[in-house]
Structures are given as structure tokens and as C-alpha cells.
Amino acid sequence: MRAPITVIGAFSLGGLFPIPQGRGDFMSEAAKQPVERKTLDERNRMSDLERLRHSCAHIMAAAVLRLWPDARLDIGPPTDEGFYYDFDLASHRFTPDDFPAIEEEMKKIIKENQVFEKGVLARAEASDLFQSKGQSFKLERLADIPEGEAISIYRSGEFVDLCAGPHVMRTGNVKAYKLLRVASAYYRGNEKNPQLQRLYGTAFPNKTELEQWVTAQEEAKKRDHRKIGREMELFVFDDDVGPGLPLWMPKGAVILEELERLAKETEFAAGYERVRTPHLARESMYKKSGHLPYYAESMFPPMELHEAGGEGAAEAPRERYYLKAMNCPHHHKIFAASPRSYRELPLRLAEYGTCYRYEQSGELMGLMRVRSMQMNDAHIYCTAEQFAEEFRAVNEMYLKYFKIFGLDRFLMRFSTHDPARLGQKFVDDPELWKKTEDMVRRTLVESGINFVEVPNEAAFYGPKIDVQVWSVVGREFTIATNQVDFAVPGRFGLVYKTRENTEGTPLCIHRAPLGTHERFVAFLIEHYAGNFPLWLAPEQVRVLPIGEEQDDYGRSLVRELRAHGIRADLDASGDKIGAKIRSAETAKVHTMWVVGRKEQAAGQVAIRRHGLGDLGVRSRGEALALLQADIQQRGISS
RNA sequence: GCCAGUGUAGCUCAGCGGUAGAGCAACGGUUUCGUAAACCGUCGGUCGCCGGUUCAAUCCCGGCCACUGGCUCCA
């Protein structure tokens, strides 16, 4: 059960940055659905598709009950992708092998063309009904319904469910459906509750749409960054290194280098200064920062140093060091290292810092969720007066980046605190929370940026704006973040001399517009399906001599390209030209220069672009200039 | 961390109670070729790891590790 959120608007740059042909879109079909306004009042206003899927969930539950009469049912809502239903079933563990039987039973129910009948019951009646059926979860769900609110049930054939609806008219209206996977889910989404067995499925108005969806899912899997990353030799995971600890291979490292170059240029122009800090720090620092009580579970356990040569191994450690899970405390120490004047503010300290987080094993997912990560981090120390402008500048930096990458589907999420959890999840300073949240909200509204506001999602030290994107398999991730910190600078005793010669405590903005290398590259791989724009392409040019007699000419071309900083290689294999092209295409090499006798004689190259085919002959100088221009402007498609 | 599934050559996958196979890749040779696959040959695996059952285990059982799908959590 997700807390209801009010969607103020979904942010999209619309068609401003069309994704080039052949690259497609990085979002799943489901994720492409416009973000709908959903509030408590509107909860009942399901779309036709949701209504269909919800009805299909009932049909699936009815089928499960026919096959396993002791199943206890929880809830079965529609989702972006289809629907699910949660069951508690002591006698059986669902596996995908059960799908044919369940689908067959669903088919029968659909054929019976049962009417979905709505009924409104008195609480006692409903209670008796579900009591008699042994549906204890339904009784608990019933207790959630506030006094005075109507208790509605839906009946189709022998199946009865506590359900607000709405539904399609008849089971026969469900024309195309498919069970997708078995999963488990904690009852009421709480880790401390027992787990239920969840069956996921989907339904569409007709078979064609279902088939299209299935095909789209298969296509999406082909651009999964884990698959492409292996095929293109961008990164690997190794058991001996450890889960969630990626090794960047040469071709993957190229992408990191280019991203860092972009960040350094952008940040330099925006008045940032670069710093470098170690990967670990003493426990005392994290005690001071206040991270330990909030964050210890997400950090790798500390390294304990004992007295050298001491007899007793059991004695208390002399000191503890933690691998850093965030860069801020280190940066704060740099701020604190010199006396600061208001004249120096805003002070912007940037670092692509490497952090380590002990993510729970089940949460790891390729590069999207890892345990070691490099953050496009910076901390901006400023006065309250400077805050709005700094915060706005960060938001604009996002947009600048997103334009470069052609990223046009994302959601700005404004995370605020929950007053009920002050002092636990959030630092206990209600006034500052309100003040900073108001500042952030005003900044967003004034910039005309649409956003979603989500309570209870803030960092412990202040509100934040996250940019949400969707992986190719439809999972939502935060790709960038912009956070306010009104608490930690005070804990570190960070001060600056004001114009009035008093001491002020700076506000701090934590920002990572390019998120972490790991997640950002994962996202880019899927966004481009591995077909990176030239400036990012690991292998920019491959020179393909048609025969061995052109190998020397090819070598001279590669030498020239490399002298100009272009990543070029020669295919001097004995393959025929068709095979050379095929392997370059398969490797997603951005540009091929095919050279035979004619080109060699004329000092030319035949340009072939990955996915686009033969683009004709140019002089080697012209061909080089084209590449340079494209790289220099960081073109999206070229 | 929890639930479930999976783990066979670098990759994609067959196979099975009698100790392994294909395609691609790699390597060697022949071929010197005009825009997505020339031909021949060779190498390559303690079948994730540890233990148990058995005359015999890659196969059955148990534990562990990793991955995948979810849940929980997050950049």
C-alpha cells in the first residue's frame, strides 16, 4: 500500500529532444503512460485498462480458489504493467509450472461469462461472510474501512471479494491475459509481517495488444544494461571481488572518463572547485555528522584497529574506521579547514567521490544498485539569501545535462519530511523543516518546474529533489538528486564571518545531477541500447581495410585519428569485408571507415555508420573534421 | 535481509544415476576478398562451492555462495 501522492504535474521536455531513429525510447510501454492525477477522492476513478486488469485479478483469484480451496486472499490491485493478487497458501508453493493450470481455469471462468455484481453490506454482514469463508485477511482489510464508509463487495460466480471496484460487466469481457511471474510480498508491505505469495499477470483489451506488449517486453530485455554491458565488455562482476562491486573494463572506463570530463567542464564554468578525499574516515567523524545512527545499517561494518603487538585480541579496539557512504563529511572538513568569510560564499566543492554502501544482498541489481559507487558529488555552502539562486542553478544544470543525453522522460520528486517522525527519521527542528521546504517549493514553482511532492521521503538533514527515471524493464530509479542540508553544517561547527562580523552557519546543498557513475551509465546503456553517441562511444572509429594491401593505409588513418584524440582501431584480421563490417556492427562501433584500393589511391575513406549503413566517400581530412565537430558538440545522434 | 527460481566452455544453450555436447567467440592454417557471417583445423569444462546418499553423482539430498524475479530498502 503506497501512500497516496498528489501529482502536481509530470515533467517532460516534450518533443524538444527527439530520440534519434533506431535508439528508441528507454521506457517500458507501461512507464510511458501519462502520469495520472491520483488522490484519495479520485482513487475510484480507474482507467478502463485498470478496470479490466482489476477484474482479471479477480478471475485469477477465483481460479486459484478453485484449484486450491484453502487459499486465503489479500488484495489484488491493477499495476502499471498489469495486476497482481496476494495469496497465503500453506498447501502449495506457486511456481511458473502452475500457470497453465491457472490460466486454463481462468479460461473456464471467462467462458462462464459471470456477471460482476456489486453489493453493499453492513459491516456485520461482511464480517460474517468472510468469516464463513475463512478469509482472515479480508476481515483485517475490512477493519481498515472507516466507520460510516460503505462496504462494497463484488461477486462473480461463486467468487466474492471485498472490493471497492469498479469492474467490467462480465468475466467474458476479459479477452487477453497472461500470468507473468510468481513473487512474494510482505503482508501490508511491512518487512516484519509474514510473506504472501504474489502472482503477477497482465491483461489487455485484445490479443493483438497483449502480443505487442509481450514483444515489446522481449525487445526491452535486449537492451538491459546487464546484457549489453557483457556483450560490449563494459563492466563485469566477479565472485572473488564481491557482489555489487563492478569492475569497469577499458571500454566501460571510457564512458566514465567522458562523463567526468563533461562534469568537470560544466562545474568549472559554474564556479565549482574540485577536491579529493580519502575513501574512509574515523568513526568520530560519522558520530559528529550524525550519519551513524541514521545510516550505520547501510554502511560496511567498521574496520577495527587494535594496539600493535598487544596480547589480548579481545580487548576493545583502539579505533574504528568506516568506508565512506557519502562524501559530505569529508567536504565539510575542507570547509572547516580555513576560516571562511561571507565573501567566499557560495563555496562549491566538487568531487567524483567513491562511496561504499552495504546494500542488502537482494537489492543489488546490475549497475543500477551496487555497493561501490562513484558519485557526481558536490557540496555548495551558501547563505540563506543565496540559497534560492544556488538551488535553482543546480536544477538548471540537470536540465542542461538531460538535454545533452536526450533524456526527456523523467519525474522531479520533491521529498519532504513527516512531522510524526521528527527526532527519529528526521532531525528534530520543525521550524527549519518548514522554512527550507517552503524555500525549495518556491524555487521550483518560480522556475516553472513541475514536480511531485512526496512526504516522508526526505533525507534526515533536509528536503530533497530527486529525478526519477525508469529502467528498460520498468523499474523506477533515482538518477539525480539535489538535497538541502540545514543540520549537518551546524553539527560540524561550520561557520563563516558575516558582513556584520558575526558568525553565520552556512546552508549546504548536496547535489549529484549525474547521480553515480554506476547507475547513470546503466541508464545510458539502456537509453541508447548500447548505441552511444560519438562522444561517449567506447570505440569511435574502426578502420576496415578491404584487403591486406590496405592495412598500412588503415594503420596511418588510425594513427592520425588517435593523434587527434579519437578512439580508433584497425581490423587487420583476415576476414572478408562483409565479415569485418558484421563484427563492427555487432560490437556497436559508432563509425566504420572502409578503405580499399580506390580510397587509398585518392586519400579517402568510405564512411559507414552503425545502424545507418554506407554514407559515402570523403577525403580523410573531411571525414576527420566531421568526427571532431560531432565530438566537440557532444552531438546526440550525429 | 526475506520468499521463490536459476547456476554446464568466454557467450547463448542442449544433455543426463554409468564421470559431457552444439553454435558463436578465441587460437592456427588456407584464402586477399567492395558494405552484416569464406574454408579447414585446434584449444577450451574438477558441470558454482562444500558435504551426504550410492558400486557409481553434473544429475538425488543438505548446507553455503552468486545471479534472476519480487518484497523491504535506496544514488
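Bear in mind that the values here come from a model prediction, so they are computed numbers and not experimental data. Chain letters run A, B, ... following the sequence lines, proteins first and then strands; every chain starts at 1.
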Base [N] paired with [X] side chain (donor-acceptor, <3.5 Å):
| X | N | answer |
| --- | --- | --- |
| A:Glu297 | B:rG1 | no |
| A:Glu359 | B:rA75 | yes |
| A:Arg357 | B:rC74 | no |
| A:Thr478 | B:rA75 | no |

For [N] and [M], measure between their [atom1] atoms and round to the nearest Å.
| N | M | atom1 | value |
| --- | --- | --- | --- |
| B:rA14 | B:rC73 | P | 36 Å |
| B:rA36 | B:rG21 | C1' | 29 Å |
| B:rA9 | B:rG17 | C1' | 23 Å |
| B:rG18 | B:rC61 | P | 16 Å |
| B:rU19 | B:rG45 | C1' | 12 Å |
| B:rG29 | B:rC43 | C1' | 14 Å |
| B:rG23 | B:rG41 | P | 11 Å |
| B:rG51 | B:rU12 | P | 29 Å |

Rounded to the Å, how far apart are [X] [atom1] and [N] [atom2]?
| X | N | atom1 | atom2 | value |
| --- | --- | --- | --- | --- |
| A:Lys192 | B:rC73 | NZ | C1' | 12 Å |
| A:Asp575 | B:rA25 | CG | C1' | 12 Å |
| A:Tyr358 | B:rA75 | OH | C1' | 19 Å |

Look only at the side chain of A:Arg519 and the backbone of A:Met368, and say whether a donor-acceptor pair between them is shorter than 3.5 Å.
yes
Side chain of A:Arg519: nearest nucleotide among B:rA75, B:rU35, B:rG34?
B:rA75
Test of understanding: with ring pair (Phe, Tyr, Trp, His ring centres under 6.0 Å), list the residues that count as partners of [X], not counting sequence neighbours.
| X | value |
| --- | --- |
| A:Tyr356 | A:His279 |
| A:Tyr187 | A:Phe137 |
| A:Phe99 | none |

On the six-membered ring of A:Tyr84, is A:Arg198 placed so that its NZ or CZ lies under 6.0 angstrom from the centre and within 45° of the ring axis?
yes
Got a sec, which residues hit side chain to side chain donor-acceptor pair (under 3.5 Å) with A:Glu585, two or more places apart in sequence or on another chain?
A:Arg608, A:His610
Give me the ring orientation class for A:Phe235 and A:Phe237: parallel if the planes are under 30° apart, tilted from 30 to 60°, perpendicular past 60°.
perpendicular
Could you check whether [X] gets within reach of a base, just the sugar-phosphate, or nothing at all, counting any heavy atom under 4.0 Å?
| X | value |
| --- | --- |
| A:Met375 | nothing |
| A:Ala579 | sugar-phosphate |
| A:Lys580 | nothing |
| A:Glu457 | nothing |
| A:Lys464 | sugar-phosphate |
| A:Ala606 | base |

What I'd like to find out is whether the side chain of A:Asp418 reaches to under 4.5 Å of the side chain of A:Pro455, using heavy atoms alone.
no
Check the side chains of A:His590 and A:Gln540 for a donor-acceptor pair under 3.5 angstrom, ignoring hydrogens and angles.
no
According to the Watson-Crick and G-U wobble definition with distances under 3.5 Å, which dot-bracket string, read 5' to 3', encodes RNA chain B, using [ ] for crossing pairs and | for pairs with another strand?
(((((((..((((....[..)))).(((((.......))))).....(((((..]....))))))))))))....
Please write out the pairs of protein N or O atoms and N or O atoms of nucleotides 66-71 of chain B separated by less than 3.5 Å, giving the distance to one decimal.
from: B:rA66; atom 1: O2'; to: A:Asp239; atom 2: OD1; distance (Å): 3.4
from: B:rU68; atom 1: OP1; to: A:Arg226; atom 2: NH1; distance (Å): 3.0
from: B:rG69; atom 1: OP1; to: A:Arg226; atom 2: NH1; distance (Å): 3.4
from: B:rG69; atom 1: OP1; to: A:Arg226; atom 2: NH2; distance (Å): 2.8
from: B:rG69; atom 1: OP2; to: A:Arg226; atom 2: NH1; distance (Å): 3.2
from: B:rG69; atom 1: OP2; to: A:Arg475; atom 2: NH2; distance (Å): 3.4
from: B:rG69; atom 1: O2'; to: A:Arg181; atom 2: NE; distance (Å): 3.4
from: B:rG70; atom 1: OP2; to: A:Arg475; atom 2: NE; distance (Å): 3.4
from: B:rG70; atom 1: OP2; to: A:Arg475; atom 2: NH2; distance (Å): 3.2
from: B:rG70; atom 1: O3'; to: A:Tyr200; atom 2: OH; distance (Å): 3.2
from: B:rG70; atom 1: O2'; to: A:Ser184; atom 2: O; distance (Å): 3.3
from: B:rG70; atom 1: N2; to: A:Ser184; atom 2: OG; distance (Å): 2.7
from: B:rC71; atom 1: O4'; to: A:Ser184; atom 2: O; distance (Å): 3.0
from: B:rC71; atom 1: O2'; to: A:Tyr186; atom 2: N; distance (Å): 2.9

Taking NZ, NE, NH1 and NH2 as the nitrogens, is one of them in A:Asp575 or A:Lys580 under 4.0 Å from a carboxylate oxygen of the other?
no
By nearest-heavy-atom nucleotide on RNA chain B, the more 5' of A:Glu191 and A:Arg93 is A:Arg93
Given that A:Tyr295 and A:Gly596 both sit by RNA chain B, which one's nearest nucleotide is further toward the 5' end?
A:Gly596
Protein-nucleotides 8-13 of chain B N/O pairs under 3.5 Å:
from: B:rU12; atom 1: OP1; to: A:Arg230; atom 2: NH2; distance (Å): 3.0

Between N or O atoms, less than 3.5 Å apart, protein on one side and nucleotides 30-32 of chain B on the other: list the pairs.
from: B:rU32; atom 1: O2; to: A:Glu548; atom 2: N; distance (Å): 2.9
from: B:rU32; atom 1: N3; to: A:Glu548; atom 2: OE1; distance (Å): 3.1
from: B:rU32; atom 1: O4; to: A:Glu548; atom 2: OE1; distance (Å): 3.0

According to side-chain contact (heavy atoms from CB on, under 4.5 Å), who are the partners of A:Leu89, at least two apart in sequence or on a separate chain?
A:Trp68, A:Asp70, A:Ala71, A:Ser91, A:His92, A:Phe94, A:Gln197
Let me have the donor-acceptor pairs involving side chains of residues 371-378 of chain A, under 3.5 Å, with sequence neighbours excluded, atom names and distances please.
from: A:Arg371; atom 1: NE; to: A:Glu359; atom 2: O; distance (Å): 2.9
from: A:Arg371; atom 1: NH2; to: A:Glu359; atom 2: O; distance (Å): 2.7
from: A:Gln374; atom 1: NE2; to: A:Tyr352; atom 2: O; distance (Å): 3.1
from: A:Asn376; atom 1: OD1; to: A:Leu514; atom 2: N; distance (Å): 2.9
from: A:Asn376; atom 1: ND2; to: A:Glu267; atom 2: OE2; distance (Å): 3.1
from: A:Asp377; atom 1: OD2; to: A:Asn327; atom 2: ND2; distance (Å): 2.8

side-chain contact (heavy atoms from CB on, under 4.5 Å) assessment of A:Ile380 paired with A:Tyr272:
CA-CA 9 Å; A:Ile380 301 170; A:Tyr272 288 66; 3.4 Å; yes
Please output the side-chain donor-acceptor pairs of residues 591-603 of chain A that fall under 3.5 Å, not counting sequence neighbours, one pair per line with the distance.
from: A:Arg597; atom 1: NE; to: A:Glu549; atom 2: OE1; distance (Å): 3.2
from: A:Arg597; atom 1: NH2; to: A:Glu549; atom 2: OE2; distance (Å): 3.3
from: A:Glu599; atom 1: OE1; to: A:Gly596; atom 2: N; distance (Å): 2.9

Quick one, A:Thr79 with A:Glu81, criterion side chain to side chain donor-acceptor pair (under 3.5 Å). Give me CA distance, side-chain angles, the key distance, then yes/no.
CA-CA 5 Å; A:Thr79 65; A:Glu81 166 184 80; 5.3 Å; no
Sequence neighbours left out, what passes salt bridge (Lys or Arg N to Asp or Glu O under 4.0 Å) with A:Glu191? Give chain and number order.
none
Under 4.0 angstrom between A:Arg608 side-chain N/O and B:rU35 OP1 or OP2
no
